[in-house]
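Have a look at the structure below, then the notes.
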Amino acid sequence: MSTLQPVRGTRDILPDEMRRHRVVIDTARALAEQYGYLEMSTPVFEFTEVFKRSLGDTSDVVTKEMYTFSMKESEELTLRPEATAGIARAFISGGLAQQLPLKYFYCGPMFRHERPQKGRQRQFHQIDVELLGVAEPLGDVEVIAIGAHVLDALGVLEKTALELNTLGDPESRRAYRAALVEYFQDHRAQLSADSLDRLDRNPLRILDSKNEGDRRVIADAPLFGDYLNQESRDFFDTVKAGLEVLDIPYQLNPRLVRGLDYYTHTAFEFTTRELGAQGAVLAGGRYDGLIETIGGPSTPGIGWAAGVERLSMLLGRAPVAPRPVVVVPVGGGAEEAALTLTQRLRQAGLSIELGFSGNLKKRMKRADRLNARAAVILGEDELARNSATVRDLDTGEQELVSLDVLSDRLARFG
RNA sequence: GUGGCUGUAGCUCAGUUGGUUAGAGCGCCUGGUUGUGGUCCAGGAGGCCGUGGGUUCAAAUCCCAUCAGCCACCCCA
């Protein structure tokens, strides 16, 4: 192939694939709006500090996956690896704490320097829903409900399963974390190198390990359920009850964890088995501590992100390109008339193609390749009668139509 | 970041133990029609065999490196 390859982990999105992306994004945006979540946008890059503080200095994303660059000695910038940090930052910079609760929808490209795989690229796209300023478990239920609704509207809900867990409030977490660290310290010898590393940085993550030795140790590890205080237990019960009321099935997964301290209570993931190792398709949770952590007023929050590429891979049939009507001039004398006719029909709201060159045969062939619905043939004969020949390209039937009523006549091909 | 598999026309692939001008299907172009597409028929264009080195009289075929994709780990959307 050419040496002009796209950068590793990036790709061009041509119209066929773009159409799939748009189905995902447009569906999610419309549904989110229906729930009152309004679209907003933040810059693709931020001061590196924004991500370090919000994702945590020890997270994998921050320690080895960020695209960081500096412009001046004082300006360390990073291409965003996810959306929530920027939204939280915008919340603080904009003084938006005055207007709670806030409901946002977001979509755009994200950047992570990971080893590419199917369903995992270095530039990828996410849709994102955030609810700020709601501490009640009903907020969790609504946010998860939007996720389920989006997946259902895309026709992929039955290809996924909702996994649910709670991380409790900070008090419960601290107690559990301490118990976990103590337990794993006693079993250091049986843990994998990866997990030993996690023991310092991110002990909850060990629960998620797929390593066999780790799994044996994990089997007897303390359970989060035993360390949840009453408030946390009640909170989780209310979330579960809400999901049951809405008929959203879920499976409890005590191994579903988030490593960082500002995550609280609900954690959830819609996963699929159709994308190999990249199973998480739409995932999120509650982050009551986040905004305070990066320097704002203590504000509860919950949200999710979903991978546009992953969702579009799950989509069954690709949406077809819109079918235009093609205007075909015959002979040089008809070109001008065709040009004005084309523009007039477009202004009437029709999708019209006018080829730039070629004889009748070539133009008809091109119409066919465009999957055109009809051809409007304009030659000397037609012009003499102030008419055009309209050919239905599906049935092959054609008739002479006066130019005066042409746009009405073509409306049925719209 | 670690380990493994793969890389031949626009696409999907074939290419025998290294041996003359590298093949197929689909797609594309031209013609069979002077004002009519899809089907059919005939013809045609298009490959530095991912890239760079090496072994050999001889490399798409063997070796090394490199780039990219894929799979698992990891991470997550």
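Residue numbering restarts at 1 for every chain, and letters A, B, ... go by the order of the sequence lines.
As judged by a 4.0 angstrom heavy-atom cut-off over every strand, A/Ala367 is placed among residues making no nucleic acid contact. Within the nucleic acid shown, A/Asp381 comes within 4.0 Å of at least one base atom, counting heavy atoms only. Heavy atoms of A/Arg363 sit nowhere under 4.0 angstrom from any nucleic acid atom. Within 4.0 Å of A/Asn371, counting heavy atoms only, lies no atom of the nucleic acid at all.
B/C71 and B/U61 have their P atoms separated by 26 Å, with the value rounded to a whole Å. B/A68 and B/G52 are spaced 15 Å apart, taking the C1' atom of each and rounding to whole Å. Taking the C1' atoms as reference points, B/U2 lies 32 Å from B/A59, given to the whole Å. On the P atoms, B/C70 is 27 Å away from B/G47, given to the nearest whole Å. Across the P atoms, B/G31 and B/C48 are found 28 Å apart, a figure rounded to whole Å. Comparing the same atom, C1', in B/G15 and in B/G23 gives a spacing of 7 Å after rounding to whole Å. When the C1' atom is used for both B/U17 and B/U21, the distance is 23 Å, rounded to whole Å. Here, B/G7 and B/A77 have their P atoms 34 Å apart, quoted to the whole Å.
Between A/Tyr37 and A/Phe105, the ring centre distance reaches or exceeds 6.0 Å.
When the side chain to side chain donor-acceptor pair (under 3.5 Å) test is applied to A/His187, no partner is found at least two apart in sequence or on another chain.
Close to B/C29, at under 4.0 Å from its OP1 or OP2, lies a side-chain N or O of A/Arg369. The phosphate of B/U30 has OP1 or OP2 within less than 4.0 Å of a side-chain N or O from A/Lys362. Between A/Lys210 and B/C73 there is a side-chain N or O to OP1 or OP2 distance below 4.0 Å. Between A/Lys365 and B/U36, a side-chain N or O to OP1/OP2 separation shorter than 4.0 Å is absent.
In summary, of the residues considered (A/Tyr287, A/Tyr106, A/Tyr104), a side chain to side chain donor-acceptor pair (under 3.5 Å) with A/Glu130 occurs for A/Tyr287 alone. Applying ring-ring contact (aromatic ring centres under 6.0 Å, His included) to A/His265 and the options A/Phe235, A/Phe224, A/Phe236 leaves one that passes, A/Phe235.
Side-chain atoms of A/Thr160 and A/Thr272 include no donor-acceptor pair closer than 3.5 Å. For the residue pair A/Asp169 and A/Thr264, no side-chain donor N or O sits within less than 3.5 Å of a side-chain acceptor on the partner.
Spacing between atom CG of A/Leu370 and atom C1' of B/G38 amounts to 13 Å, rounded to whole angstrom units. In this structure, A/Gln121 atom CD and B/C76 atom P are separated by 18 Å, rounded to whole Å. One can place NZ of A/Lys361 at 10 Å from P of B/U30, the figure rounded to the nearest angstrom. Computed from coordinates, the A/Arg323 CZ to B/G38 C1' distance equals 12 Å when rounded to whole Å. One can place CD of A/Glu82 at 11 Å from C1' of B/A77, the figure rounded to the nearest angstrom. Computed from coordinates, the A/His113 NE2 to B/C74 C1' distance equals 14 Å when rounded to whole Å. Between the NE2 atom of A/His21 and the P atom of B/A77 there is a distance of 17 Å, given to the nearest Å. The interatomic distance linking A/Asn202 (CG) with B/C75 (P) rounds to 9 Å, in whole Å.
Counting distance only, with no hydrogens placed and no angle test, the side-chain atoms of A/Asp368 and the base atoms of B/G38 include no donor-acceptor pair under 3.5 Å.
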If a pair means Watson-Crick or G-U wobble with both distances below 3.5 Å, what does RNA chain B look like in dot-bracket form, with | marking bases paired to a different strand?
(((((((..((((.....[...)))).(((((.......))))).....(((((..]....))))))))))))....
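Under the 4.0 Å criterion applied to side-chain N and carboxylate O atoms, A/Glu46 and A/Arg53 are not assigned as salt-bridge partners. The residues A/Arg29 and A/Glu39 are annotated as salt-bridged, a charged nitrogen and a carboxylate oxygen being separated by less than 4.0 angstrom. Contact check on A/Arg323 versus A/Asp394 returns a salt bridge, with a Lys/Arg side-chain nitrogen under 4.0 Å from an Asp/Glu carboxylate oxygen.
Map A/Leu393 and A/Arg198 each onto its nearest nucleotide of RNA chain B; the residue landing nearer the 5' end is A/Leu393. Nearest-nucleotide positions on RNA chain B for A/Gln398 and A/Arg310 put A/Gln398 closer to the 5' end.
In terms of heavy atoms, A/Gln123 sits closest to A/Pro109 at NE2-CB, 3.5 Å. Closest heavy-atom contact between A/Arg310 and A/Ala280: NH1-O, 2.7 Å.
With a 6.0 Å radius and a threshold of 12 heavy atoms from other residues, nucleotides or ligands, A/Leu100 has its CG atom above the threshold.
Closest to the side chain of A/Met364, from the set B/G35, B/G37, B/A72, is B/G37. The side chain of A/Arg112 sits closest to B/A77 out of B/G35, B/C74, B/A77. For A/Asp194, taking side-chain heavy atoms from C-beta onward, the closest of the listed nucleotides B/C76, B/G37, B/C74 is B/C74.
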Give me, pair by pair, the N or O atoms of the protein and of nucleotides 67-70 of chain B that are less than 3.5 Å apart, along with how far apart they are.
| residue | atom | partner | partner atom | Å |
| --- | --- | --- | --- | --- |
| B/C67 | O2' | A/Gln5 | OE1 | 2.9 |
| B/G69 | OP1 | A/Gly9 | N | 2.9 |
| B/G69 | OP2 | A/Arg8 | NE | 2.9 |

